[in-house]
Amino acid sequence: QVQLVEFGGGLAQAGGSLRLSCVSSGRTFSSYVMGWFRQAPGKEREFVASIRWSGVSTYYTDSVKGRFTISKDNAKNTVYLQMNSLKPEDTAVYYCASKSGSRWSKYEHEYDYWGQGTQVTVSS
């Protein structure tokens, strides 16, 4: 079993930055893909970014390209989401998730494990 815990959310001003962390416990395999999703009130949960646990390939949804960076520290079993140039529309609960395999996915149903979520609020 894999357990994921997110932290680092909070309040930021528009144009500011936050870094989210997701710590994985339990058995983590190199073939895993880690993803970040977010869900704003009244909206569907959407894909944000993903990274392969093995390798450095990354993928982003269009709305965060150039502003967000996903990265990882395998030794710490941690994946990060660096969020810069934050906008009010980035306000959401952010979830990290994990899926088996080596190919990234934007579809939440393909992810097997989920964290509890961390709130990010961006004020204008």
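To the nearest 0.5 Å, the span separating SG on Cys22 from CD on Gln116 amounts to 8.5 Å. Expressed to the nearest 0.5 Å, how far CZ of Arg52 lies from CE of Met34 amounts to 15.0 Å. With values rounded to the nearest 0.5 angstrom, Lys106 atom NZ is found 10.5 Å from Phe37 atom CZ. If you take OG on Ser63 and NZ on Lys87, they are separated by 8.0 Å, rounding to the nearest 0.5 Å. Rounding to the nearest 0.5 Å places CG of Leu81 at 10.5 Å from CZ of Arg19.
Residues Val23 and Gln3 form no side-chain contact, since every pair of their non-hydrogen atoms from C-beta on lies 4.5 Å or further apart. You'll find the side chain of Leu86 reaches within 4.5 Å of the side chain of Leu18, heavy atoms only. Between Ile51 and Val33, the closest side-chain pair of non-hydrogen atoms is not below 4.5 Å. Side-chain contact between Leu20 and Met83: present, with at least one pair of heavy atoms (C-beta onward) separated by less than 4.5 Å.
When all heavy atoms of Ala92 and Ala40 are compared, the pair lying nearest together is CB-N, 3.7 Å. Nearest approach of Arg67 to Ser85, heavy atoms of both residues: NH1-O, 3.0 Å. When all heavy atoms of Gly117 and Val93 are compared, the pair lying nearest together is CA-CG1, 3.8 Å. Residues Ala12 and Ser17 approach most closely at CB-O, 4.5 Å, considering heavy atoms. Heavy atoms only, all atoms of each residue included: Ser21 and Thr78 are closest at CB-CG2, 4.1 Å. Of all heavy-atom pairs spanning Gln39 and Arg45, the tightest one is NE2-N, 3.8 Å.
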TODO: Would you sort out whether Ile70 and Tyr80 count as a side-chain contact (heavy atoms from CB on, under 4.5 Å), showing the intermediate values?
DONE: CA-CA 6 Å; Ile70 186 171; Tyr80 305 96; over 6 Å; no
Task: Steps toward salt bridge (Lys or Arg N to Asp or Glu O under 4.0 Å) verdict (Lys65, Asp62) - done: CA-CA 5 Å; Lys65 287 180 179 178; Asp62 288 344; 3.0 Å; yes
TODO: Given side chain to side chain donor-acceptor pair (under 3.5 Å), test Gln82 with Thr69 step by step and report yes or no.
DONE: CA-CA 5 Å; Gln82 178 67 46; Thr69 302; over 6 Å; no
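Sequence neighbours left out, the pairs with a member in residues 91-101 that pass side chain to side chain donor-acceptor pair (under 3.5 Å) are Arg38-Tyr94.
For Phe68 and Trp36, the gap between ring centers reaches or exceeds 6.0 Å. For Trp104 and Phe47, the ring centers are positioned less than 6.0 Å apart.
Judged by distance alone, the side chain of Tyr111 and the main-chain N or O of Cys96 form no donor-acceptor pair under 3.5 Å.
A side-chain donor-acceptor contact under 3.5 Å links Asn74 and Lys72. No side-chain donor-acceptor contact under 3.5 Å links Ser24 and Asn77. The closest side-chain donor-acceptor pair between Glu6 and Thr118, if any, does not fall under 3.5 angstrom.
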